[in-house]
Engineer: 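This is the structure I have questions about; it appears just below.
Whatever order the structure lists them in is the order used to number ligands and atoms, beginning at 1. Because the structure is a prediction, the values reported are computed rather than measured.
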Amino acid sequence: MDSNLHKHYHDEEFDPKGLLDTFFCDENVPLIDENVGFPLKKLHETFSSGRVRGDTLIDISSGASVYHLLSASDIFKEIIVIEFTEPNIQEFEKWLKKDPGAADWSYAAKAVCELEGNREEWQVKEDKVRRAVKQVVKWDVSKDNPLDPVVLPQVDCVLSLWVLHVISKDRDAYRRNLRKLTSLLNIGGHMLLFGAFNMTYYKIGEHKFFILSYDEIFLREALRDAGYVIENMDVLPSRKGCDMLDYEHLVYVTFTISYQRAISSKRKFTEPSIQEFKKWRKKDPGAADWSYAAKALCELEGNREEWQVKEDKVRRAVKQVAKWDVSKDNPLDHVILPQVDCVLSLWAKQCRKVGAQLNTGKEE
Ligand SMILES: C[S@@+](CC[C@H](N)C(=O)[O-])C[C@H]1O[C@@H](n2cnc3c(N)ncnc32)[C@H](O)[C@@H]1O
């Protein structure tokens, strides 16, 4: 389908309440069990499984929606919401402040409480979301630095529903935007992404809006090429009950940063780290001070006074500092090292997390 035939969300005056009323808030809306029911069920499964945890979740880009934050608020103490349009932000903030005339999310809140076995009242659940949302930040994906001037931390979970295919006018843009979306993800963190296969438009009233069409092959390739490992992919075939939208399947994919990408993002630190280490070995002025660790070890060994002796022992024992690059076929290049009796690796915390994903993603 020619993309020029349809309006683009980001180029038009947009009525946020119109979008909510058409697709998300009214239980009589056709296909609401797909548009809202599918994400609610999948997010409930993800968060209740315990696989995805952390302190902070970032939602990109939320529109004026609330439904997808309901289960997340059980796990994450802090939710940061990112949104592009001012009207959407205002609509969302109306709901946060319980303003009269704010959107009614009771359908979704009740559905989540039901999935959870009515653990709490739906109003309590909504208030939990209100308390968890700590920040609403504006972004524009067409900028090189979409969040400018705001700087956000990398977090353990990034969530994004029905966004990439709206903001990307072609497949190259989709790949670029995918990287922007995931730049806020920690190594070891999870990205939870909802989209649709073979969708070309959605309608609000008489207006048709553009959606970038792609299929499962493209999505898998885009994720792999960008350095991600798919953890899980679920698809829901459409019942095609109305002409308001035309997807063939909804898709929910969870993924993490691959081991290779995690390592290569560290590569830029390698040379300075080697220099720093050599400074310490030569006792250069301004070298890092490891006395705390040396004293702690001597104390463990019952001899606190000897910490400088312990450090000198390390200096004498280090015979070689070899540079490596794990992205190469031969990471040590021309250096040939013998096989040894013990190999030690101390960014184990992150590697173990990523390594665990490696196994399930079968990308060794
Ligand atoms: C269909 S809405 C999805 C909203 C929400 N995630 C939901 O599930 O209801 C598409 C989102 O893309 C955002 N968007 C459109 N153009 C954008 C741009 N240039 N930069 C950033 N976000 C944009 C909109 O503001 C909106 O939040």
Engineer: Would you say H68 has any N or O atom under 3.5 Å from an N or O of ligand 1, going by distance alone?
Structural biologist: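 No, there is no polar N/O contact under 3.5 Å.
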Engineer: So, is the end of the K42 side chain (NZ or CZ) under 6.0 Å from the ring centre of Y252 and within 45° of the ring's axis?
Structural biologist: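 No, a cation-pi geometry is absent between K42 and Y252.
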Engineer: Are the charged groups of K295 and E299 less than 4.0 angstrom apart, N to O?
Structural biologist: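 Here K295 does not pair with E299 in a salt bridge, since their nearest N and O are not under 4.0 Å apart.
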Engineer: Does E83 have a heavy atom less than 4.0 Å from any atom of ligand 1?
Structural biologist: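 Yes, E83 has a heavy atom closer than 4.0 Å to ligand 1.
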Engineer: Under a 4.0 angstrom heavy-atom cut-off, which atoms of ligand 1 come close to V141?
Structural biologist: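 Numbered from 1, ligand 1 contributes 18 (C), 19 (N), 20 (N), 21 (C).
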Engineer: Any idea which atoms of ligand 1 are less than 4.0 Å away from a heavy-atom of Y67?
Structural biologist: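 Those atoms are 7 (C), 8 (O), 9 (O).
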Engineer: Between H190 and R51, what is the shortest heavy-atom contact and its length?
Structural biologist: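 Smallest heavy-atom distance, with atoms named: CE1-O, 3.5 Å.
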Engineer: Quick one: look at S65 and ligand 1, take heavy-atom pairs under 4.0 Å, and tell me if it's side chain, backbone, both or neither.
Structural biologist: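 Only the side chain of S65 comes within reach of ligand 1.
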Engineer: For ligand 1, is any non-hydrogen atom under 4.0 Å from F194's backbone (N, CA, C, O), its side chain (CB onward), both, or neither?
Structural biologist: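 Neither; no heavy atom under 4.0 Å.
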Engineer: With the threshold set at 4.0 Å, does a side-chain nitrogen-carboxylate oxygen contact exist between R175 and D172?
Structural biologist: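 The answer is no: the pair does not qualify as a salt bridge.
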Engineer: Indicate yes or no: does R53 engage D156 in a salt bridge with an N to O separation below 4.0 Å.
Structural biologist: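 No salt bridge links R53 with D156.
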Engineer: Run the salt bridge (Lys or Arg N to Asp or Glu O under 4.0 Å) test against R179 and tell me which residues pass, sequence neighbours left out.
Structural biologist: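 For R179, no residue satisfies salt bridge (Lys or Arg N to Asp or Glu O under 4.0 Å) once neighbours in sequence are set aside.
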Engineer: Can you find an N/O atom of S61 closer than 3.5 Å to an N/O atom of ligand 1?
Structural biologist: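 Yes, there is a polar N/O contact under 3.5 Å.
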Engineer: Side chain, backbone, both or neither: which part of L161 has a heavy atom under 4.0 Å from ligand 1?
Structural biologist: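 The answer is both, backbone and side chain.
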Engineer: Tell me, do S71 and E45 make a side-chain contact under 4.5 Å, heavy atoms counted?
Structural biologist: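 No - every pair of side-chain heavy atoms lies 4.5 Å or more apart.
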Engineer: Taking only residues two or more places apart in sequence or in another chain, which ones pass salt bridge (Lys or Arg N to Asp or Glu O under 4.0 Å) with K319?
Structural biologist: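 For K319, no residue satisfies salt bridge (Lys or Arg N to Asp or Glu O under 4.0 Å) once neighbours in sequence are set aside.
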Engineer: Backbone, side chain, both or neither: what part of S62 comes under 4.0 angstrom of ligand 1, heavy atoms only?
Structural biologist: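 The answer is the backbone.
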Engineer: Do any N/O atoms on G63 end up under 3.5 angstrom from N/O atoms on ligand 1?
Structural biologist: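 Yes, since at least one N or O of G63 sits under 3.5 Å from an N or O of ligand 1.
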Engineer: Any idea which atoms of ligand 1 are less than 4.0 Å away from a heavy-atom of N88?
Structural biologist: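 Heavy-atom distances to N88 below 4.0 Å select 25 (O).
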